[in-house]
Amino acid sequence: MASIYKNVFTPLEIRGLEYKNRIEMAPVSPNYPSKEGYITDGFIDFFRPVCRGGTAIVTLGNCSVELARSQDEPRQVGLDTDDYIPGLSRFADMGDSYGCIVSAEVNHSGLDAMPEYNNWVNPEGPSPIIMEREMTNARLRGSEPIPSLEMSRERIKEIQQMYVDGAYRLKRAGFKMCMLHGGHTNLIGQFSSPIFNKRTDEYGGSTENRARFGMEIAEAVRKKCGEDFVIEMRFSADEIHPEGMHFEETKRMLRMYEDQGAIDIMNISAGTHSILAYFKYWFPGAYQGQMINVRYAAELKKIIKKCKITTVAGISNIQNAEKILSEGYADFVAFGRPLMSDPDMLRKAAHNEGESIRPCSRCGWCTDRMRGRATLACGMNPKLGRERELCAGDVFKAPQSKKIVIIGAGPGGMQAAITARERGHEVVVFEKEKQPGGNLLSCGAKGLKNEMQAYCDYMLKAFEKSGAELICGKAPTPEEISALKPDGIIIAQGAVPRVPDVPGADRENAFWAADCLSGKREAGKTVAVIGGSYVALEAAVALAREGKSVTVFKRSATPLQMTMHGALYEMLTSASGEVKNSCKAVEIRADGLVYENENGEREFYPCDNVLYGIGMEPNRELIDTIRRLAPESSCTVIGDCKKPRNIGDAIHEGFNAALNI
């Protein structure tokens, strides 16, 4: 039977190249290349499941045309010498073997190059502007920022040729298309942006002059790579920044590109990479809406007729993609994180198995890893990047079926049960609450994180489908566990909320903030929230949106705007909630909260309820006894009862624990 996603699976031909469907993997740079920029086996294995899973286009992210001077990530694919061609050809061959068209984002970071990755060479761009990230890094180093340089006309021509040569190396390696990165204020975007381009020559000033650098590159790439090579180009439709390039001007510039005739696909994003407050418009977090840039693509579809349009950012699922395509808002839909969460998305959609697609929760686990310079991985999908270890991404059957007892049915425990059942083990799961899910049940509550709610629903169904035996409503005794004669035990009993160490914390009017999110408790009209954790701020936002008077008391200062905490802070203030920073709770009374303000003075806040979200503590109850009820080498403590962290850690530890029994 044909797929219900008929628009997703409608082929499209460009320059004689047929795209089997309308889904592209947005540019991803997973930190797997060698330090010198060469493609590794691990790099190919990271992308292989997406190519195999049916995606039409897979795009390598942030490939550098001048690796020695323009790195802004620790490990990028290099394009600036012929030595890179063999690795690139291996990648192209891998894509071809699955009928997937591979592409690469051809880029130079310009002013945003990080000196520490480039032997402290001065960054260079259209004008000598020191970028926000370098200002921050200089403060952390305790030194003056590294000055930036303005490119001469001769240097402009040299770098433009690097783009051309990089694209042509891709073609020589077997790539049938590439993506020129003209957005997010990388170098081409810096030339087009009035924020960073202050030149007075032919490359600065008017829209036409600021577009000249990128347009000359596109024209030269077309001439060098020929008429049988597809060129996609990424643009920021609107930089959002008050001094930046806005959509009306972008539309004029894109008409110029269309009239030039060099590019075939316009990839429409938004925001900037260089100014962190506007980062979220091209990489939306969990608290932002879905399909945030589709409106730009839809408007461009009305005026751009010769080029195809790709839309990207926060699209989240195959149903959204079908809607976008059916409404004619775009010709292609690009996914990044959702294809990491489930590389088999297109294969499942083709078989009308949309409910079995593992959703991306936008939990941020992937980006947290990248900030620590680790390789990219997905919190929801512990199989990603482990192709060889797992035999083409599938868990291997256990040589002998064993009885596994799992304590706790939160995300870690459920994942352990699913994986153990996949391996052929008999599984019994104990959950002390009346239903499985653990903290997942409150994570997506109140409409704050729709993707997390979708993931919770998916996980509960997958757990039920696994066939694991579930015993709810009680914590097992050691005797009950021992009576099952387990061959292995996985302890995933979670964490308990840390209670404020102040008088009155045990009052009836004081309780854990997550209980309000999950519906276990109701709050009154006026609420104090202690703590700046996700749980505290989410509860505060939810209550403020319900019309309650909410004030958050937190010890730390206001978080950075680009962080998820910062997003919650904005949501709270927009819902008329209040935040008091640098405050300390002193006493909880029946009629309110006594606290110390930033000056150390005591004040009283009258309220109906005091909620707290100041962190979690591992639930260590009976762990030492339980772990002796099976062979010690087959007993594992995972998730928050080991150390409170986030959902991705629990999922991965549950998966690994089941894999190793």
Side-chain angles (χ1 to χ4, degrees), residues 433 439 441-443 445-446 448 494-560 563-621 640-641 643-646:
E433 301 294 336
N439 287 336
L441 299 176
S442 60
C443 281
K446 305 287 187 179
L448 290 174
V496 293
R498 185 177 292 126
V499 179
D501 186 19
V502 298
D506 58 348
R507 288 184 178 276
E508 179 63 23
N509 65 320
F511 56 88
W512 186 35
D515 286 346
C516 181
L517 291 169
S518 64
K520 288 184 178 180
R521 299 287 298 269
E522 291 289 334
K525 294 181 179 180
T526 306
V527 183
V529 180
I530 302 171
S533 67
Y534 289 129
V535 167
L537 292 173
E538 285 175 4
V541 169
L543 292 172
R545 286 179 170 179
E546 292 173 3
K548 301 180 188 295
S549 177
V550 181
T551 302
V552 174
F553 299 84
K554 51 196 286 288
R555 292 194 176 194
S556 59
T558 303
L560 291 173
T563 64
M564 289 172 69
H565 280 95
L568 281 168
Y569 181 88
E570 290 182 5
M571 292 163 67
L572 179 60
T573 54
S574 67
S576 300
E578 185 179 359
V579 177
K580 290 184 179 292
N581 293 307
S582 305
C583 290
K584 177 184 176 182
V586 174
E587 182 183 2
I588 298 172
R589 296 179 181 173
D591 57 349
L593 174 69
V594 179
Y595 66 97
E596 284 185 2
N597 63 24
E598 57 186 359
N599 299 317
E601 302 164 339
R602 292 200 173 190
E603 296 187 27
F604 179 70
Y605 177 77
C607 59
D608 299 311
N609 292 100
V610 177
L611 280 57
Y612 51 85
I614 58 172
M616 306 291 285
E617 295 177 347
N619 179 10
R620 306 291 299 179
E621 186 179 7
D640 284 356
C641 65
K643 179 183 178 181
R645 286 153 295 156
N646 63 27

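Remark: side-chain polar atoms of D591 are not paired, donor with acceptor, to backbone N or O of P606 under 3.5 angstrom. Formation of a donor-acceptor pair under 3.5 Å by the R555 side chain with backbone atoms of S582 is not found in this model. Counting only distance, with no hydrogens or angles, the side chain of N597 and the backbone of N599 share a donor-acceptor pair below 3.5 Å. Not one N or O on the side chain of N609 forms a donor-acceptor pair closer than 3.5 Å with the backbone of A523. Not a single donor-acceptor pair under 3.5 Å links the side chain of R545 to the backbone N or O of A575. The closest donor-acceptor contact from the side chain of N509 to the backbone of R589 lies under 3.5 Å.
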| task | Could you walk me through whether L448 and V541 pass side chain to side chain contact (heavy atoms under 4.5 Å, CB included), step by step? | result | CA-CA 8 Å; L448 290 174; V541 169; 3.7 Å; yes

| message | Using side chain to side chain contact (heavy atoms under 4.5 Å, CB included), reason through V552 and L537 one step at a time and then give a plain yes or no. | response | CA-CA 8 Å; V552 174; L537 292 173; 4.2 Å; yes

| request: Please report the C-alpha distance between T551 and K580 in whole Å, then the side-chain angles of each, then the deciding distance to 0.1 Å, and finally whether the side chain to side chain contact (heavy atoms under 4.5 Å, CB included) criterion is met. | output: CA-CA 7 Å; T551 302; K580 290 184 179 292; 4.1 Å; yes

| Between W512 and L611, is a side chain to side chain contact (heavy atoms under 4.5 Å, CB included) present by the stated rule, with each step listed? | CA-CA 6 Å; W512 186 35; L611 280 57; over 6 Å; no

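Considering every non-hydrogen atom in both A585 and L593, the closest pair reads CB-CD1, 4.0 Å. Taking each heavy atom of I530 and A536 in turn, the nearest pair found is O-CB, 4.2 Å. I614 and S533 make their closest contact through N-OG, 4.5 Å (heavy atoms, listed as atom of the first residue, atom of the second, distance). Listed here is the closest heavy atom pair of A514 and V535: N-CG1, 3.5 Å. Looking at every heavy atom in both residues, L572 comes nearest to A544 through CD1-CB, 4.0 Å. Summarising the geometry of R507 relative to I588, their closest heavy-atom pair is NE-O, 3.1 Å, with the distance given to 0.1 Å.
Here the NZ-SG distance, from K643 to C641, works out to 14.0 Å after rounding to the nearest 0.5 Å. Note that the NZ atom of K525 and the CG atom of L543 stand 14.0 Å from one another [nearest 0.5 Å]. If you take CG on L517 and CG on N439, they are separated by 10.5 Å, rounding to the nearest 0.5 Å. The CG atom of N581 sits 8.0 Å away from atom CD of E598, with the distance rounded to the nearest 0.5 Å. To the nearest 0.5 Å, atoms SG (C443) and CD (E538) are separated by 7.0 Å.
Among the candidates R602, E596, K554, the single residue satisfying the side chain to side chain contact (heavy atoms under 4.5 Å, CB included) test with K584 is E596.
Remark: aromatic rings of F511 and Y612 are distant, center separation not under 6.0 Å.
For N646, the side chain to side chain donor-acceptor pair (under 3.5 Å) partners at least two apart in sequence or on another chain are W365. Every salt bridge (charged side-chain N to carboxylate O under 4.0 Å, His left out) that E433 has, sequence neighbours left out, goes to K520.
Salt bridge status for E546 with K446: present, with a side-chain N to carboxylate O gap under 4.0 Å. Salt bridge status for E508 with R521: present, with a side-chain N to carboxylate O gap under 4.0 Å.
Between D640 and N619, every side-chain heavy-atom pair lies at or beyond the 4.5 Å cut-off. Put simply, the side chain of C607 does not reach to within 4.5 Å of the side chain of V527, judged on heavy atoms.
Between F553 and Y595, the ring planes lie tilted relative to each other; the angle falls in the 30° to 60° range.
Heavy atoms of other residues, nucleotides or ligands lying less than 6.0 angstrom from CZ of R620 number more than 12. At most 12 non-hydrogen atoms from other residues, nucleotides or ligands lie less than 6.0 angstrom from CG of D501.
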